[in-house]
Every structure is written in C-alpha cells, then in structure tokens.
Amino acid sequence: MSDGEMAPDAVQWHMRAAACELLAFTLRYPGEELAEAASSGEWAEAAREIWRALGVELPDDWAQGVWDVDVHSLRAEATRLFVGAPEPACSPYEGYWRAIDDGVQPLMFVNPHSMAVERFCKACGLGQPKGTNEPLDHIATEFELLQYLASLEAGIAEPPEGCPAAEGLPEGGAGAAYRAFVRDHVLAFAPRFAGLLEHEARLPFYRASAQLLASFLAQVKG
C-alpha cells in the first residue's frame with residue numbers, strides 16, 4: 001500500500017463520515033447552500049456516490065423532482081415539518097420521540113434522553129456553539145457528532161485543542177463511540193423519524209431525504 005492510499009477500513013469510515021456530513025447538512029434548517037445543492041443536482045449526485053461507496057444503490061427514481069426548490073420553499077417546508085405552529089409535523093429531537101416512548105410529556109433539554117446526548121457530546125469534547133441554544137439531540141446535530149467520530153476513526157481529522165484523544169472518548173475509541181451512539185441513540189428514534197418524514201413531506205426533496213436517511217440506517221443496523 002502506497003503512502004497516499006487508505007486502508008479499506010479507513011476508506012469505509014471516510015465514507016461513513018461523508019454520509020453523516022450530508023445527512024446533517026440535509027436535516028438542519030435550510031439555507032442558500034442547501035437550496036443551491038438541491039436545485040443544481042449536486043446534492044443528489046453526492047448522495048448517490050457516497051451511498052454507492054457504502055454498498056447501497058439508491059432507486060433510479062429516488063431523486064425525482066428534488067431540484068424543483070429554492071431557499072424559500074425549503075424553509076417554509078422545514079418550518080412546517082420541524083418547527084411547527086404550534087407543533088411540528090415531524091419533530092427532529094430524539095428527546096421528543098423517547099419521551100413519547102416513556103409515556104411522558106416531551107420537554108426540551110430536561111428529559112433524561114436529551115441529557116444523555118448532551119453528556120455524550122461533552123465526553124467527546126463537543127457542545128453547543130456559542131450564541132446558540134439548540135438542544136444537542138436534534139437529529140442534524142447527532143449526525144454532526146457521528147461525522148466527527150467517523151472522521152477521527154478514518155484518520156482524516158484530529159481532535160481540536162482541548163478535546164479528548166481517541167482513547168479518552170466514550171467506549172475507549174472513536175469507532176467504538178460511534179457504534180455506541182448509533183445503537184443507544186440514533187437507532188432508538190431515527191428510523192421512525194424517517195418514516196414519518198416521508199409520510200408528512202410535501203416537497204420531493206424532503207421525501208427523498210427521508211428515504212436517504214432510512215437507507216443509511218438500514219445499512220448501519222445491518
């Protein structure tokens with residue numbers, strides 16, 4: 001193996017990091033960058049390439065119509081789906097889904113599942129960006145965490161200053177932390193989130209996003 005080549009396992013972790021990055025980009029509140037990527041076809045092309053590298057072939061008609069968007073239509077639909085007035089059509093917070101499972105009233109920040117996510121993130125050296133008050137159990141933020149852990153395991157990133165080295169992460173390593181977080185948090189709610197998102201979405205972009213998420217989760221679970 002030459003100096004410029006990556007070991008097969010590192011390549012797989014690199015692709016997982018890329019998939020998590022795309023899902024985080026897709027599921028956070030949309031801006032001009034996402035609208036441009038969707039309307040130009042770049043988003044769908046990147047998804048096909050990454051998913052193929054992970055061994056998942058998306059259907060030929062999977063991305064049909066996703067390019068027919070602009071930032072205003074994306075934001076209107078994201079607001080209806082993920083923010084709502086008074087309730088979102090499809091809550092993006094793990095704590096909401098887990099509270100429903102527990103038969104209790106969902107409360108942001110103070111439910112035990114959201115707090116567990118916050119503790120896990122802090123154990124990885126990550127927290128809320130300054131000036132924000134967004135709960136860390138938002139599905140896009142959870143995928144940002146997974147992107148970080150997969151990037152460490154792939155060897156394409158280093159812990160920022162002040163963050164734990166790999167052996168100081170939960171479960172004793174980046175890959176092990178990734179698997180634990182997927183098992184204990186992401187798979188506990190994200191498959192149902194994906195199903196409801198596909199059902200509720202009015203824009204082809206968000207239906208395709210739900211299918212993309214579901215296919216990734218099925219590959220991870222398998």
Side-chain angles (χ1 to χ4, degrees), residues 4-78 81-82 90 92 126 129 138-158 174-175 178-179 181-182 186-187 190-191 193-195 197-198 200-222:
E5 292 178 333
M6 299 175 71
D9 191 52
V11 171
Q12 192 72 357
W13 280 108
H14 192 173
M15 289 299 100
R16 288 176 185 145
C20 292
E21 181 180 20
L22 185 64
L23 287 169
F25 176 58
T26 299
L27 295 169
R28 70 170 65 101
Y29 194 73
E32 293 283 357
E33 187 179 1
L34 180 60
E36 173 61 26
S39 61
S40 68
E42 180 184 352
W43 178 83
E45 183 180 349
R48 286 193 184 280
E49 181 179 341
I50 296 166
W51 265 241
R52 187 173 294 123
L54 290 172
V56 178
E57 197 66 41
L58 295 167
D60 290 342
D61 62 351
W62 158 73
Q64 187 172 355
V66 300
W67 52 84
D68 188 19
V69 292
D70 57 28
V71 70
H72 304 293
S73 60
L74 278 179
R75 284 178 171 171
E77 179 68 339
L81 288 168
F82 306 137
C90 185
L126 305 176
H138 190 288
I139 191 168
T141 306
E142 293 198 1
F143 274 105
E144 288 172 2
L145 172 64
L146 292 179
Q147 176 199 349
Y148 172 68
L149 294 172
S151 297
L152 291 180
E153 188 69 12
I156 59 174
E158 294 289 338
Y178 175 101
R179 293 188 180 97
F181 192 80
V182 168
V186 174
L187 289 178
F193 168 85
L197 178 59
E198 183 174 4
E200 291 289 344
R202 296 172 183 171
L203 288 182
F205 175 81
Y206 280 112
R207 282 196 295 274
S209 299
Q211 293 165 8
L212 191 68
L213 173 60
S215 65
F216 177 81
L217 296 171
Q219 195 265 354
V220 168
K221 187 176 182 180

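The first residue in the sequence is number 1, and the count goes up from there. Quantities reported herein were computed from a predicted structural model and do not represent experimental measurements.
Checking each of Trp43, Phe205, Trp51 against Trp62 for a ring pair (Phe, Tyr, Trp, His ring centres under 6.0 Å) leaves exactly one that passes, namely Trp43.
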Would Phe82 and Tyr29 count as a side chain to side chain contact (heavy atoms under 4.5 Å, CB included) here? Give the steps. CA-CA 8 Å; Phe82 306 137; Tyr29 194 73; over 6 Å; no
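Partners of Arg28 according to the salt bridge (charged side-chain N to carboxylate O under 4.0 Å, His left out) rule, which considers only residues two or more places apart in sequence or in another chain, are Glu144. Scored by the salt bridge (charged side-chain N to carboxylate O under 4.0 Å, His left out) test, Glu77 finds Arg80 as partners (sequence neighbours excluded). Under the rule for a salt bridge (charged side-chain N to carboxylate O under 4.0 Å, His left out), Glu200 has no partner lying at least two apart in sequence or in another chain. Under the rule for a salt bridge (charged side-chain N to carboxylate O under 4.0 Å, His left out), the partners of Arg52 that lie at least two apart in sequence or sit in another chain are Glu57.
Residues Leu54 and Phe216 form a side-chain contact, since some pair of their non-hydrogen atoms from C-beta on lies under 4.5 Å apart. The shortest side-chain heavy-atom distance between Val71 and Pro30 does not fall under the 4.5 Å cut-off. Side-chain contact check for Leu212 versus Leu22: some heavy-atom pair is nearer than 4.5 Å. Annotation: side chain of Val182 is not in contact with side chain of Leu217 (no heavy-atom distance under 4.5 Å). Between Tyr206 and Val66 there is no side-chain heavy-atom pair separated by less than 4.5 Å. Residues Leu197 and Leu27 are in side-chain contact: their nearest non-hydrogen atoms beyond the backbone lie under 4.5 Å apart.
Sorted pairs that involve residues 147-158 and meet side-chain hydrogen bond (donor to acceptor under 3.5 Å, both in side chains), not counting sequence neighbours, are lacking altogether. The salt bridge (Lys or Arg N to Asp or Glu O under 4.0 Å) analysis of residues 58-76, with sequence neighbours excluded, yields no pairs.
A donor-acceptor contact closer than 3.5 angstrom is absent between the side chains of Trp67 and Ser40.
Remark: side-chain polar atoms of Ser73 are not paired, donor with acceptor, to backbone N or O of Val69 under 3.5 angstrom.
The heavy-atom pair separating Ile139 from Ala190 by the smallest distance is CD1-CB, 4.1 Å.
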